[in-house]
Amino acid sequence: MKTTTVRVASASIAAMLSAAPALAQDMAALVEGARAEGMLTTIALPHDWCGYGDVIAGFREMYPFLEINELNPDAGSADELEAIRANMNNTGPQAPDVIDVGLAFGPAAQAEGLITPYMVSTWDTIPEGARDAEGHWYGDYYGVMSFIVNTDLVDNIPTSFEDLLKPEYVGQVALAGDPRASNQAILAVMAAGMARGAEPGAAAAQAGLEFFAELNASGNFVPVIGRTGTLAQGTTPILIQWDYNALSARDTLAGNPPVEVVVPSDAVLAGVYVQAISAHAPHPNAARLWMEYLYSDEGQLGWLAGYCHPIRFNDLAARGVIPQEMMDALPPAESYAAAVFPTLDQVNANRDAVVAGWDSVVGANVE
Amino acid sequence: MAQPRARIRLPLTWLGVVPFFVFVGLFLLLPTLYIVVGAFRSPEGGFTFGNILALNTPTILSAYWVSIKIAFWSSLIGCAVGFAMAAAVTVGAGPRWVKNPLLTFSGVASNFAGVPLAFAFIATIGPAGIITLYLRHEFGINLRLMGFNLLSTLGLVITYLFFQIPLMILIITPALEGLKREWKEAASILGATSFQYWRMVAFPILFPSILGTMALLFANAFGAVATAIALTGPSLNIAPILLYAQIRGDVLGSPNLGYALAFGMIVITGLANALYIVLRARSERWLK
Amino acid sequence: MTRLWSWGALLIGIAFFLMPLYGMTEFSLKMRRGEYSFDAYATVLADPRFQATFGYSVLMAVLTILCGVLLVVPTAFWVRLKLPGLRPWVEFITLLPLVIPSIVVVFGYIRLYNTSSWLPLTGSVTGTNILLMFGYTVLALPYMYRAVDTGLRTIDVATLTEAAQSLGAGWVTILARVILPNVLGAVLSGAFLTFAIVIGEFTMAALLDRPAFGPYMQLLGANRAYEPAALAVIAFAITWACMGLIQLVTRFSKHNRVAR
């Protein structure tokens, strides 16, 4: 008995001792490999989204020998997958190395063989529900659906989805995307459905569509894609979008006009995005180096500075490494306590139902 | 003896258009060939008409129909207004110094589309636009109660006119300038009024060019997507938006159906073009 | 009567154009709270990437115009002169770029001309620039062709050609010294349209990863309120000025034409 325990103990100690230098060696090898490659190609990373501008700048400072080639910041998740597909045989600078896509697109990309697995050194601190068991894709950050309100034009700030139906908000509420194509808008519909008590998934999609049908019939819904510009100009004084986009817009507007960001009280829907490395990446070492950086404390805090909750938030908070000013800049933590993380199946079912049903149920077809 | 020469001449005539067809083949037709091929291919890879038949749903048919309506009206009105403005500065009684600034402005305006154009219109005559609010506060005129809503097919047509009219102006001005002064003089010597000159001399000569430009305007509006998305995104369902949604988000669930959609758009454009060619052939019968 | 129609059409048209431009400009001046200011413009103009990307796009525009003219004028001339039966087909083909989304075209380019194909254009910067220029030419094809075709319609191509040939001119001379000067107005219209298209184009430049003005505008405007409006106004004004320059240059070269 004793001998076995000792043997097991010494085996595990030996494993630990060999693991630590292996990790350090891995990093050194990665850096050398990346140095030989000289470039990293990213896609769909607007600088105002989750503070990516500063995150990229931090990476550049850490590895000044790497040139960061940023593709198409306007790309949606499907565009990113298409970019990998189209550039399969292309090693030019048009081929992305890494992608950042909505949760539903991770498994889709994996099924098509577009991404290659990699487990970062902090792999164990990523929640299990937000990562692929074999390491093909892994959650990077999340946010919750919120309202951003132009307080110049709106006196009583709505605090819930039900509030939006009140007659005082006539001609003021809009989505921040096309509910037939945009991930953000499609999930906004699901959030509205969850506010009515429906289960996330197809049920919430149906309830959400009915909610928007009522919103449209009462004249509160403005059938235009809302942006920061239309929010400031006055056409869409109330926008439904991710909290990190809302908070970032608040910063950009700098009080002109003053806005307020509210997490609705009747439904807190969390949306997760995932990172992955392209299977046809021209610069695989640089890609892995990027992942190591993103999942290090520095990278994760960079996203938090952009108002996105990094996926390792709980781990960082438990270890007390989050600066107090950052915590204060976010909406109060109680709002996030009831956050619901829908599963992959629920997200897919919702998307199918919303896309198919929007035109007929909401019928915002104005003739 | 003349025979060998005739046989050699034929290939040389075709040689003149070879550069064009090679260029168009390599850089337009080949890259988009998989649309046509994909439209007839099933997910398993075999040949099928299934995708084309699957286009027969209310959503898709109404998307095509709305697109055709918007394209038709914006090209018709754009044609009329553009022609009037171009005529005013070339052969009409408008001031001549306006012509060059108008042409350069038309150049810029003809490509001013997408989000900036939509936003410009929203900021001006949208539900909370500056002119809308001004009319309401100063004159008590409520545009919405009068039935005007920018976020509708009518609003989209009006927004499209911003680039349709300049396009017409730019293309028809050289044709107007080609109207020889001698014809006007000859007509007036023979006793024709200005109206008769236009109806019997100028318009018939210009008609093929006007038709051709209208066909261009139709195709231009039919394929325009960025402005439509930005202005009436969540409310209107038109063919290019559906196509874009499929390409970017796979919302129809089948890439082959998306290809069929694009193929349908190409067919509609072809039909419009064929109609124009028939009309033009008729009007050209006595010309040349 | 004619005066009424002319002035009426002009005034209504100009009012229609000025209206949305006024709304947009008014909004772009509102960046500072409570008063009108040029803050949004200052932010935009201070960005070093503004000049770099705008310069690149202007250069590409000029090259695309040249490529388009070289491609379209001989073709339209030849079709009109020798192959009138081909006209409907050529016209249909030139309308295709309007309905085929450019995103499909550029993905096609990446698949067909990538580094492992028979024509690896994306492998080098020059190759990608050439590919982008060809893509722009395709986008401008409908307008350029229609403009040149309308222009050719107003001159008697057959007679001019025969006259030139009887004086001993070869094809290049005919095209360059007889046909082109006579359709210069139409070519200029096509050139304006091409210029505006290239300056504002986004999809092709973004996906081929070239530093053009379109992607820059998108990068700047994604989450901002006032800067995109200011940028649109600036782009409008500068493009207008560039076209004025093109027109000036062409007017000086017209001096050898006989006055009407």
Side-chain angles (χ1 to χ4, degrees), chain B residues 13 16-17 19-20 23-24 27-28 30-32 35 81 84-85 88 92-94 98 100 103-105 107-112 116 119-121 123-124 129-131 162 165 170-171 173-175 177-178 194 208-209 212-213 216 219-220 222-223 225 243-244 247 262 265-266 269-270 273 277, chain C residues 2-3 5-7 9-10 13 17 19-24 26-27 71 74-75 78-79 82-83 86 88 91-93 95-101 103-105 108-109 112 134-135 138 142 146-147 150-151 153-154 185-186 189 192-193 195-197 200 228-229 232 236 239-240 243-244 247:
Chain B
T13 319
V17 289
F20 176 77
F23 178 81
V24 167
F27 295 104
L28 176 63
L30 211 56
T32 54
I35 287 184
V81 176
M85 287 179 76
V98 174
N100 282 335
L103 282 180
T104 43
F105 178 83
V108 195
S110 63
N111 203 47
F112 186 61
F119 184 75
F121 269 90
T124 321
I130 188 169
I131 290 189
F162 195 88
I165 295 177
L170 268 179
I171 297 189
T173 303
E177 287 177 331
S194 180
S209 301
T213 318
L216 178 68
N220 196 25
F222 192 63
V225 61
L243 182 61
Y244 242 66
I247 292 176
M265 286 176 68
I266 295 177
T269 312
N273 200 42
I277 287 173
Chain C
T2 323
R3 194 168 285 262
W5 279 110
S6 300
W7 278 95
L10 272 180
F17 288 132
M19 183 187 62
L21 291 176
Y22 164 68
M24 188 174 71
E26 198 267 348
F27 182 70
L71 185 73
T75 309
W78 199 255
V79 166
K82 300 273 192 191
L83 299 165
L86 217 52
E91 281 172 353
F92 175 63
I93 291 178
L95 282 183
L96 283 180
L98 290 172
V99 280
I100 299 175
I103 193 170
V104 168
V105 176
Y109 284 174
L112 283 170
F134 285 159
V138 164
R146 184 62 66 203
T150 314
R153 195 183 284 279
T154 63
S189 300
F192 287 164
L193 288 164
F195 192 86
I197 289 173
F236 205 98
T239 313
W240 198 357
M243 287 190 190
Q247 198 168 53

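Letters go in sequence order (proteins before strands), and every chain restarts at 1.
The choice from B/L216, B/I131, B/T104 that makes the most heavy-atom pairs within less than 4.5 Å of chain C is B/T104.
Nearest heavy-atom pair, B/L28 versus C/I93, reported as atom, atom and distance to 0.1 Å: CD2-O, 3.8 Å. Between C/A232 and B/P116, the shortest heavy-atom contact is CB-CB, 4.1 Å. Among all heavy-atom pairs drawn from B/M85 and C/G13, the shortest one is SD-CA, 3.6 Å. In terms of heavy atoms, C/P20 sits closest to B/F162 at CG-CE1, 3.6 Å. Counting all heavy atoms, side chain and backbone alike, C/V105 lies closest to B/P31 at O-CB, 3.8 Å.
Aromatic ring orientation, C/F134 versus B/F27: tilted (interplanar angle from 30° to 60°).
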Worked check of ring pair (Phe, Tyr, Trp, His ring centres under 6.0 Å) between B/F105 and C/F192
CA-CA 9 Å; B/F105 178 83; C/F192 287 164; over 10 Å; no
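Between the side chains of B/N100 and C/Q247, at least one donor N or O sits under 3.5 Å from an acceptor N or O.
Going from atom CE of C/M19 over to atom CZ of B/F121 covers 5.0 Å, rounded to the nearest 0.5 Å. Here the CG-CG distance, from B/N220 to C/L98, works out to 5.5 Å after rounding to the nearest 0.5 Å.
Within the 4.5 angstrom heavy-atom criterion, no atom of C/P74 approaches chain B. Interface residue C/Y22: only side-chain heavy atoms are found under 4.5 Å from chain B.
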